[in-house]
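Everything numeric in this text was worked out from a predicted model, so none of it was measured. Reminder, nothing fancy here: chain letters follow the sequence lines and each chain counts from 1.
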Amino acid sequence: MPDNNTQDSTDDRTVTDGGVAGQAGQAHRNTDYLSAEVNLLNPSTQFMRDHLRIVWTGFVIWVIAVWGPVTATYLATDTMTTQMPVLGFPLHYFLVAFGAPTSALLLSFWYSRKRDALDEKYGIDHGAVESAGRESGDAAAADGGVDE
Amino acid sequence: MTGAATVPLQESLLPEALNISFKLLPALLVIGMLGLFLAIGFVFRVADTEDMWVAGRSIGNVENGMAIGANWMSAASYLGMAASIALAGFYGLVYVVGWTTGYFILLIFMAAQLRRFGKYTAPDFVGDRFNSDGARAIAAITTFLIGFVYAIGQAKGMALVGLYIFGDYGGIIPGLDGYQVMVVAMMVITVGYLTLSGMMGATKNQAVQYTILIIAFVAGLLVVGYTNGYSTVLPQLEYGMLIDDLGSEFSEPFATSSYYLWVATTFSLIVGTCGLPHVLVRFYTVESERTARWSTVWGLFFICILYWSAPAFAAFGTDLYTQNVDPTYGDPGMTGAASEVIVVLAAQLSNLPQWFVGIVAAGGIAAAIATVAGLFIAGSSAISHDIYTNIINEDATQRQQILVGRLSIVALGVLTTLAALDPASSIAALVGYAFALAGSVLFPMFFLGMWWENANRPGALAGMTTGLVGWSIPMINEIVPTYVSSLEAPLSAGLAQWMPAIGSALITLPVVFIVTIAVSLVTEEPDIETKRVVRQCHSPEPMGQQQAAEDVVTDGGETPADD
């Protein structure tokens, strides 16, 4: 592989790893992502395989949460329109009006947590680059010091 | 006042039961609010283009989340959604589902990758990814069209709320009734405001705009629920007890629509969410891809606060209307115009003080202005940056670019005003058409461009053309005839049933995918440079704050992007 630019960041990682790099970290270090094909259906790197497993799991649950209740209501109208105890909603109404948006929110939270965990597993540290990027970045990029 | 079919359309555009008159305190509230936006814009004004387009890529999680929320929640969320739920019952919930759940798809498939790609506008992505000025131009035209169609709904919402705050000035402009005069007035204010403020401190402004509109909405709901004895502290869950009393029209499934229409509409709204230029551009503004992800979670949370509340507002408003005015359902029933302001009506019918109703109404105007600002900026930058500067006049000076940008904002304003004088549909549906367009043309390009490295220029051109044509067919069938007096909409009932304008992406999207993939397969693969940019978008390797994928791939990020 000719001009890829992984050298400098690899050096960084050996320091920040602190020796925790397991098999996943090794694989990450040995991967040249710019030579590995991007394919949604047939991922070519170990990281992409792990990532897409999370993505597809979330996607399937999401499809069920979004169109499951309305399809069930279409197929079994009487069962789905019974009134819920305590809240008083017809079941189908609650699952659609409250259930679907809430599921999407919880799934998003779950995905972001999973994705962070994946970064950790592979020994990827965004924090180091964020601060390094800021120092070496354009001086004009003053952010007014408002970052949290 | 009944809005029966024999009454000319213009007259039924005045919402009955709404207290239309000039009100000093609410008017001062709106003016003060606009002044505040301008002041914030002035304090956080920007000097260079990097800051102008992508806010220096310095925005953090919560702030970007609020900006996503403000950008997102327009008059369609604030007014239109409750209106649809009140009038169309269970079918109205498609907007609640379609306008929230799409963010998950955006998150898992696109948010971080977009941050890594790191361009300035949506047409920029299409043009650079597919190495084609033609594709860039189609994307820019689509962006302009989206801004136009989307803003019609906003103009309608602003005008209806404006009637409550400023009163009826029908006849001041010859031939125009009170609603139409208000459309003109509100659009003049909006365009003037945009010309003054530009993109100055837009992100800071959006955080403030979000705060204003969510407080107005939730406080309104809490007070309406409490004073009428509907609810105590959690109206979002307590309105369930009320549903049984509202009549079967409110909750009966598939009473006003088929199961197919339900699925088609939600699908269209979801993919539209993932293709709207003013939404996508929010991911270019953040400091890192991790922020891109978490700010999506925050954004969705902020959006959900309003979307959990809107059905409750619709339920309270429906009940109050039935008790105080006329039965909501049956003949004559509530008119479309009255339903569009059900949120304001609910507050007014609860006998709340005028300034409080004014706050609820002002929130609607804040929502509409925040979104129109985002849309018009996206639309005008598509014309000035992507078409004029990149294609027509590559040596354009800064002054020329800004002039073209301003002119396109005015053009958008004029077009929108004209179309909003006699709008063809409800606010939510009008906005829905823009989603169908974004989902038909832009989403497939972003998705395939990001996830399939072999998608190429001819594929993109063929796909986008197909998407535009596919979207136009039901629009010509259902919407255009309402503007032509000699025609009756829809032209073909069968087409309207299976390819409804509001849900056309369900048909168009798979066709565009197939066309793009097929044409890409039979033509030459994109060059290795392009493929490496796509791979860089998916690499887990962290990138610097100011880097775009292209920089890393070409030279390790030593020189800035050269477009």
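- Each of L107(A), T73(A), L118(A) has some count of heavy-atom pairs under 4.5 Å with chain B, and the biggest count is that of L107(A).
- Here the side chain of S231(B) pairs no donor or acceptor atom with the backbone of L234(B) at under 3.5 angstrom.
- Salt-bridge annotation for R115(A) and D119(A): present, with a side-chain N of the basic residue lying under 4.0 Å from a carboxylate O of the acidic one.
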CA sep, side-chain torsions, deciding dist, call: K121(A), D50(A), salt bridge (charged side-chain N to carboxylate O under 4.0 Å, His left out): CA-CA 10 Å; K121(A) 178 179 162 192; D50(A) 279 358; 2.8 Å; yes
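- Residue contact with chain B, scored on non-hydrogen atoms closer than 4.5 Å, involves the backbone and the side chain of S112(A) alike.
- When each of L300(B), V297(B), T101(B) is checked for heavy-atom pairs under 4.5 Å with chain A, T101(B) comes out on top.
- Residue contact with chain A, scored on non-hydrogen atoms closer than 4.5 Å, involves the side chain of F254(B) exclusively.
- The residue among W451(B), F250(B), W298(B) with the most heavy atom pairs within less than 4.5 Å of chain A is W451(B).
- Contact count versus chain A (heavy atoms, under 4.5 Å) is highest, among W452(B), F90(B), F301(B), Y307(B), for F90(B).
- Two rings, from Y259(B) and W262(B), have their centers 6.0 Å or more apart.
- Residues R116(B) and E289(B) are paired through a salt bridge, judged by an N-O separation under 4.0 Å between the basic side chain and the carboxylate.
- Ring pair F98(A)/F89(A): centre-to-centre distance not below 6.0 Å.
- With a threshold of 4.5 angstrom between heavy atoms, M84(A) does not approach chain B through any atom at all.
- Residue R113(A) places its CZ atom among 12 or fewer non-hydrogen atoms of other residues, nucleotides or ligands, all under 6.0 Å distant.
- Relative orientation of the F109(A) and W294(B) rings is perpendicular, given thresholds of 30° and 60° on the angle between their planes.
- The contact between E37(A) and chain B is made by backbone and side chain atoms together, counting heavy-atom distances below 4.5 Å.
- Other residues, nucleotides and ligands place more than 12 heavy atoms under 6.0 Å from the NZ atom of K531(B).
- Contacts of T102(A) with chain B are made by both backbone and side-chain atoms, with heavy-atom separations under 4.5 Å.
- Of the atoms belonging to S251(B), heavy atoms from both backbone and side chain fall under 4.5 Å from chain A.
- In this structure, the portions of L107(B) lying under 4.5 Å from any heavy atom of chain A include both its backbone and its side chain.
- In this structure, the portion of W308(B) lying under 4.5 Å from any heavy atom of chain A is its side chain and not its backbone.
- Per-residue counts of heavy-atom pairs under 4.5 Å with chain A were compared for I105(B), V533(B), V534(B), T100(B); the largest is that of I105(B).
- Using a 4.5 Å cut-off between heavy atoms, F109(B) touches chain A through its side chain atoms alone.
- Separation of the Y103(B) and W72(B) ring centroids falls under the 6.0 Å cut-off.
- For the set P540(B), S539(B), A310(B), G92(B), the count of heavy-atom pairs under 4.5 angstrom toward chain A peaks at P540(B).
- Within the 4.5 angstrom heavy-atom criterion, only side-chain atoms of I85(B), from C-beta onward, approach chain A.
- Checking S84(B) against Y91(B) by side-chain atom types alone, no donor-acceptor pair falls below 3.5 Å.
- For P90(A), the part sitting under 4.5 Å from any heavy atom of chain B is the side chain, from C-beta outward, and nothing else.
- Heavy atoms of I303(B) lying under 4.5 Å from chain A are absent altogether.
- Only the side chain of L52(A) comes within less than 4.5 Å of a heavy atom of chain B; its backbone N, CA, C and O stay farther away.
- Heavy atoms of F94(A) lying under 4.5 Å from chain B belong exclusively to its side chain.
- Comparing T45(A), T71(A), L41(A), N39(A) by how many heavy-atom pairs each has under 4.5 Å with chain B, the most go to T71(A).
- For A97(A), the parts sitting under 4.5 Å from any heavy atom of chain B are the backbone and the side chain alike.
- Ring orientation note: the planes of H51(A) and Y111(A) are tilted relative to one another, at an angle of 30° to 60°.
- Contact of F47(A) with chain B is made through the side chain alone, with heavy-atom distances under 4.5 Å.
- Ring orientation note: the planes of Y95(B) and W99(B) are tilted relative to one another, at an angle of 30° to 60°.
- Separation of atoms NE2 (H92(A)) and CG (L93(B)) is listed at 8.0 Å; rounding is to 0.5 Å.
- Among the candidates V96(B), I270(B), T296(B), L242(B), the residue making the largest number of heavy-atom pairs closer than 4.5 Å to chain A is I270(B).
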